[in-house]
Amino acid sequence: MTHSLVCADTVSRVSSVLNRNTRQFGKKHLFDQDEETCWNSDQLQIQFQGGFSSRRGCLEGSQRSEALNKIVDFYPEDNNSIQTFPVPAAEVGQLKVTFEDLTDFFGRVVIYHLRVLGEKV
């Protein structure tokens with residue numbers, strides 16, 4: 001059975017936060033399951049704000065202190081729907097999601113939901 005792999009021990013980092021306002025737009029909002037919050041600037045689920053999305057993304061992972069390896073490229077649509085992307089099976093201890101080819105002229109990304117689903121080993 002698949003379930004969210006994000007737990008209290010999960011550490012996340014983001015490259016930027018809108019207006020440096022971490023209270024309203026901080027990384028904690030990536031995984032809070034609240035549709036009223038967002039982070040700005042076996043499956044992967046993402047919900048963007050239309051107009052502030054990515055046309056291409058990359059999921060990388062590794063075990064412990066090993067170098068990151070590409071797991072899959074994915075190609076989101078520029079809309080408000082929750083999008084699901086299949087991810088090949090990989091046993092990892094850390095993940096990195098990179099968003100490329102951004103739709104916003106200023107390179108901003110707004111994410112309302114980001115879920116990594118799978119099984120804990």
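The structure presented is a predicted model; accordingly, all values stated were derived computationally and were not measured.
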Review point. Going hydrophobic residue to hydrophobic residue with side-chain gaps under 4.5 angstrom, can you get from L68 over to I71?
Key: no

Where [X] and [Y] come nearest, the two heavy atoms and their spacing:
X    : Y   : value
L102 : S54 : CD2-CB, 3.9 Å
G57  : P76 : N-CD, 4.3 Å
P86  : V72 : O-CG2, 4.2 Å
Q94  : S62 : NE2-OG, 2.7 Å

Point to revise | Within-4.5 Å side-chain heavy-atom neighbours: N80 and Y112 | key: no

Check your understanding: Going by heavy atoms in the side chains, are L44 and L114 under 4.5 Å from each other?
Key -> yes

Practice item. Take E91 and Q63, measure what side-chain contact (heavy atoms from CB on, under 4.5 Å) needs, and give me the verdict at the end. Key: CA-CA 7 Å; E91 191 172 319; Q63 286 286 356; 3.2 Å; yes

Practice item. Take V109 and D104 through the side-chain contact (heavy atoms from CB on, under 4.5 Å) test and state the conclusion after the steps. Key: CA-CA 7 Å; V109 174; D104 177 62; over 6 Å; no

Practice item. Return yes if some donor-acceptor pair links the side-chain N/O of T103 with the main-chain N/O of D78 below 3.5 Å, else return no. Key: no

Exercise for review: Could you walk me through whether D101 and Y75 pass the side-chain contact (heavy atoms from CB on, under 4.5 Å) test, one step at a time?
Suggested key: CA-CA 10 Å; D101 195 10; Y75 301 90; over 6 Å; no

**Study point:** Gap separating the CD1 atom of I82 from the CZ atom of R115, nearest 0.5 angstrom
**Key:** 5.0 Å

Review point. Under 30°, 30 to 60°, or over 60°: which ring-plane class applies to F99 and F48, parallel, tilted or perpendicular?
Key: perpendicular

**Study point:** Criterion side-chain contact (heavy atoms from CB on, under 4.5 Å) on Q83 and Q47, from CA distance to verdict
**Key:** CA-CA 6 Å; Q83 301 175 57; Q47 182 182 18; over 6 Å; no

Check your understanding: Are E60 and K70 ion-paired here, with the side-chain N under 4.0 Å from a carboxylate O?
Key -> no

